[in-house]
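Below: one structure, written as structure tokens.
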Amino acid sequence: LSTADIISTVEFNYSGDLLATGDKGGRVVIFQREQETKSRPISRGEYNVYSTFQSHEPEFDYLKSLEIEEKINKIRWLPQQNAAHFLLSTNDKTIKLWKISERDKRAEGYNLKDEDGRLREPFRVTELRVPTLKPMDLMVEASPRRTFANAHTYHINSISVNSDCATYLSADDLRINLWHLEVTNRSFNIVDIKPANMEELTEVITAAEFHPQHCNVFVYSSSKGTIRLCDMRSAALCDQHSKFFEEPEDPSSRSFFSEIISSISDVKFSHSGRYMMTRDYLSVKVWDLNMENRPVETYQVHEYLRSKLCSLYENDCIFDKFECCWNGSDSTIMTGSYNNFFRTFERNSRRDTTLEASRESSKPRAILKPRKVCTTGKRKKDEITVDSLDFNKKILHTAWHPTENIIAVAATNNLYLFQEKVN
Amino acid sequence: MFVRGLKRKCFDGEEDIEGTLAGFKAIPSYNLQRQSLLDMSLVKLQLCHMLVEPNLCRSVLIANTVRQIQEEMTQDGTWQMINTQSTGQASLDRLVSTDILCRSSRDQAEGKHVPAYGTFSKDFESDQAQDSSETMSTAPSVQAPRNLQSNVWEMENPQENKGNFQKSLDQIFETLENKSPNSVEDLFSEVDNSYYDLDTMLTGMISNTKMGHCDSLETFSSPTNTASNSNCKSDLNDLDHIVEILVES
């Protein structure tokens with residue numbers, strides 16, 4: 001297993017035709033959905049590699065004598081505005097805007113150069129001709145268009161494109177910056193929670209996202225399990241939140257690990273913009289933006305781990321950052337777990353499903369069998385006990401197609417794509 | 001998978017040592033569990049400084065856990081508070097400083113050095129880990145870990161640091177002295193094979209730490225001349241005895 005191949009982010013674009021993955025080695029691989037054609041109806045819905053490029057390289061910070069990892073932390077697509085596709089990819093320190101464009105024609109019949117590109121002798125040019133466009137094999141090119149650097153002292157954990165399609169935010173552990181996509185030499189700091197005295201630091205920013213419709217609203221989550229909603233119209237520096245979301249702690253379940261497991265690893269607005277979802281270590285919570293004092297729905301992802309928190313603290317698994325996602329209609333939410341399991345929760349019926357992303361259980365075109373973790377003493381057939389879960393196989397990154405029931409699940413260095421079977 | 005630290009038995013001074021060691025299956029006291037959690041957390045913070053660049057979120061969460069334990073131990077009265085002299089240092093009343101634990105950028109550097117207990121333990125263990133970690137310098141001096149960690153901690157003045165470190169060590173020794181013999185043994189009785197060798201992250205370092213505890217104590221205590229150190233030496237002799245027995249069994 002090459003660690004450079006470990007997938008670190010997965011993201012569909014707005015139409016769902018493209019799926020981008022970033023990995024620990026700084027590479028981005030984009031998959032494109034095959035178009036449905038009469039001659040190959042079976043391959044409708046298959047995603048094939050469209051483009052691969054090296055987005056970030058490892059760097060060395062000489063001032064601090066520390067390496068800057070090339071691992072891609074997040075990829076976010078821009079809404080498509082012309083034939084080319086644009087995405088933002090970021091590592092710990094630098095965000096880059098990439099343009100992915102197709103070339104399927106080339107010009108032939110130049111006057112000043114030969115077909116193989118060599119310059120022609122001027123005295124050999126005896127007549128003028130107009131170059132013509134001839135078809136060629138499709139070539140997909142990725143080119144870096146902007147580099148947004150030197151704005152983050154701490155590690156970038158989130159980027160989010162604004163609904164105005166002109167600005168985006170980037171968040172690190174202590175600060176959030178606002179950028180204009182056209183301007184690379186300047187960003188505006190909109191949130192700063194760094195204390196004057198670093199000794200007093202007890203809370204960090206863990207995720208941030210713009211509201212899908214209101215271009216002045218964004219949220220950010222913290223390591224203490226709180227979410228702050230900010231309105232950029234109220235002040236230039238949004239240290240004062242407009243809304244503060246926190247669920248009161250249950251005193252009966254308090255332990256030394258309470259704070260750690262309350263730390264929010266991901267926050268996502270629903271497509272409707274009415275709700276947001278947060279992921280902490282053991283659960284996923286859905287919040288109504290109009291109600292700050294508690295979530296409207298709570299789903300237990302792997303409650304059986306609650307009695308194992310000390311071991312999970314010791315092996316550092318308790319710090320794993322799981323992501324979560326909504327389906328296109330906001331009716332179902334999905335998040336990952338251990339042993340290559342991932343979970344989906346249907347909000348209306350409260351039905352939850354556990355599935356596994358592994359080679360053994362995923363033959364092409366086969367239907368996934370639901371899995372179950374045995375929590376009581378007696379293990380049924382096909383169940384798996386908590387102690388035999390593989391904690392090295394964790395599903396941290398998942399994505400749901402914006403309109404269809406196609407999901408992308410990253411299991412370490414493998415990407416799985418599952419589709420709802422249509423009869 | 002089982003919880004680390006649960007295989008210890010409460011130390012009862014009347015039983016002979018072999019008998020105590022045999023009783024590994026009993027549930028430990030809450031204090032012992034809490035202490036082992038504290039030790040584990042301090043080691044984690046130590047390790048996080050040796051990596052590429054510490055994950056600030058993880059460091060902050062661990063530091064908060066340490067603070068929580070220390071607060072509780074203070075309320076219990078199991079935590080001995082020592083007020084510092086007029087050296088201008090913060091007293092141990094101030095709990096573990098996240099600054100030292102989680103510094104990740106150079107602009108923190110004013111050479112601020114807060115000698116909280118947590119900092120000492122980390123210095124402590126980092127010096128012991130020198131032989132195992134190839135990234136550490138091999139000279140067993142106070143300043144060796146500074147080379148690696150100065151980026152993170154930004155210690156500007158080695159001389160001042162050495163002085164501070166000595167004073168900090170004095171404070172550790174006083175703490176040890178003030179504790180009852182049972183708790184001193186509890187503190188060092190954590191040096192146990194079963195505790196350390198299962199966590200892959202800790203294996204290389206801790207196996208040396210186990211041996212190194214007493215050696216380093218002796219190294220550090222020799223340059224100083226305060227009275228507290230002479231008391232410490234007698235403690236250390238008891239300690240040697242206990243560790244020998246633990247190892248032989």
Side-chain angles (χ1 to χ4, degrees), chain A residues 58 60-61 63-69 92-93 152-155 157 172-174 194-195 197-207 222-224 254-265 305 307-321 385-389 391, chain B residues 1-6 33-34 36-38 40-41 43-44 47-48 51-69 72 90 94-110 112 114 116 147-148 150-152 154 195 198-202:
Chain A
F60 195 77
D61 181 338
L63 208 57
K64 291 193 239 171
S65 294
L66 291 168
E67 263 196 24
I68 300 173
E69 276 191 303
D92 283 338
K93 299 286 184 181
H152 286 280
T153 308
Y154 303 97
H155 290 177
N157 52 55
D172 67 28
D173 294 313
L174 297 179
K194 179 168 177 260
N197 190 352
M198 275 295 273
E199 292 167 15
E200 290 157 12
L201 180 65
T202 56
E203 190 174 13
V204 300
I205 297 170
T206 51
S222 83
S223 55
K224 288 200 171 173
R254 175 134 192 91
S255 75
F256 284 121
F257 305 110
S258 294
E259 186 184 313
I260 299 178
I261 62 169
S262 74
S263 175
I264 291 172
S265 50
L305 295 183
S307 56
K308 310 281 183 191
L309 290 179
C310 195
S311 303
L312 293 165
Y313 178 70
E314 189 185 8
N315 64 16
D316 262 14
C317 281
I318 208 174
F319 300 108
D320 286 336
K321 291 190 194 291
T385 59
V386 179
D387 289 330
S388 47
L389 291 172
F391 288 84
Chain B
M1 202 176 39
F2 54 90
V3 180
R4 207 55 83 245
L6 285 188
Q33 258 182 294
R34 185 175 60 184
S36 76
L37 186 62
L38 177 64
M40 200 199 301
S41 305
V43 169
K44 278 183 181 301
L47 281 179
C48 89
L51 300 178
V52 171
E53 190 168 5
N55 179 333
L56 191 62
C57 182
R58 179 178 171 276
S59 303
V60 167
L61 288 173
I62 298 173
N64 289 350
T65 308
V66 169
R67 268 205 204 91
Q68 225 186 307
I69 297 173
E72 210 184 84
R94 185 148 46 141
L95 299 176
V96 176
S97 146
T98 318
D99 179 30
I100 300 297
L101 303 178
C102 304
R103 240 188 267 192
S104 63
S105 75
R106 191 141 267 262
D107 62 357
Q108 317 303 334
E110 268 123 79
K112 256 199 156 189
V114 180
N147 295 336
L148 182 75
S150 59
N151 301 319
V152 189
E154 287 111 28
Y195 180 77
L198 285 177
D199 191 315
T200 53
M201 192 168 70
L202 301 177

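As the structure is a prediction and not an experimental result, all values here were calculated from the model. Here is the naming used below: chain letters follow the sequence lines, and residue numbers restart at 1 for every chain.
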Minimum-distance pair of heavy atoms, taken over all atoms of B:Thr65 and A:Phe256:
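Here B:Thr65 and A:Phe256 meet closest at CG2-O, 3.8 Å.
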
Rounded to the nearest 0.5 Å, how far apart are [atom1] of [X] and [atom2] of [Y]?
| X | Y | atom1 | atom2 | answer |
| --- | --- | --- | --- | --- |
| A:Arg254 | B:Gln68 | CZ | CD | 4.5 Å |
| B:Asn55 | A:His155 | CG | NE2 | 8.0 Å |
| B:Leu56 | A:Thr153 | CG | OG1 | 11.0 Å |
| B:Cys57 | A:Ile260 | SG | CD1 | 9.5 Å |
| B:Asn64 | A:Leu201 | CG | CG | 8.0 Å |
| A:Asp320 | B:Arg58 | CG | CZ | 11.0 Å |

Let me know if [X] has heavy atoms under 4.5 Å from chain B in its side chain, its backbone, both or neither.
| X | answer |
| --- | --- |
| A:Leu174 | side chain |
| A:Ser223 | both |
| A:Ser262 | neither |
| A:Thr206 | side chain |
| A:Tyr313 | both |

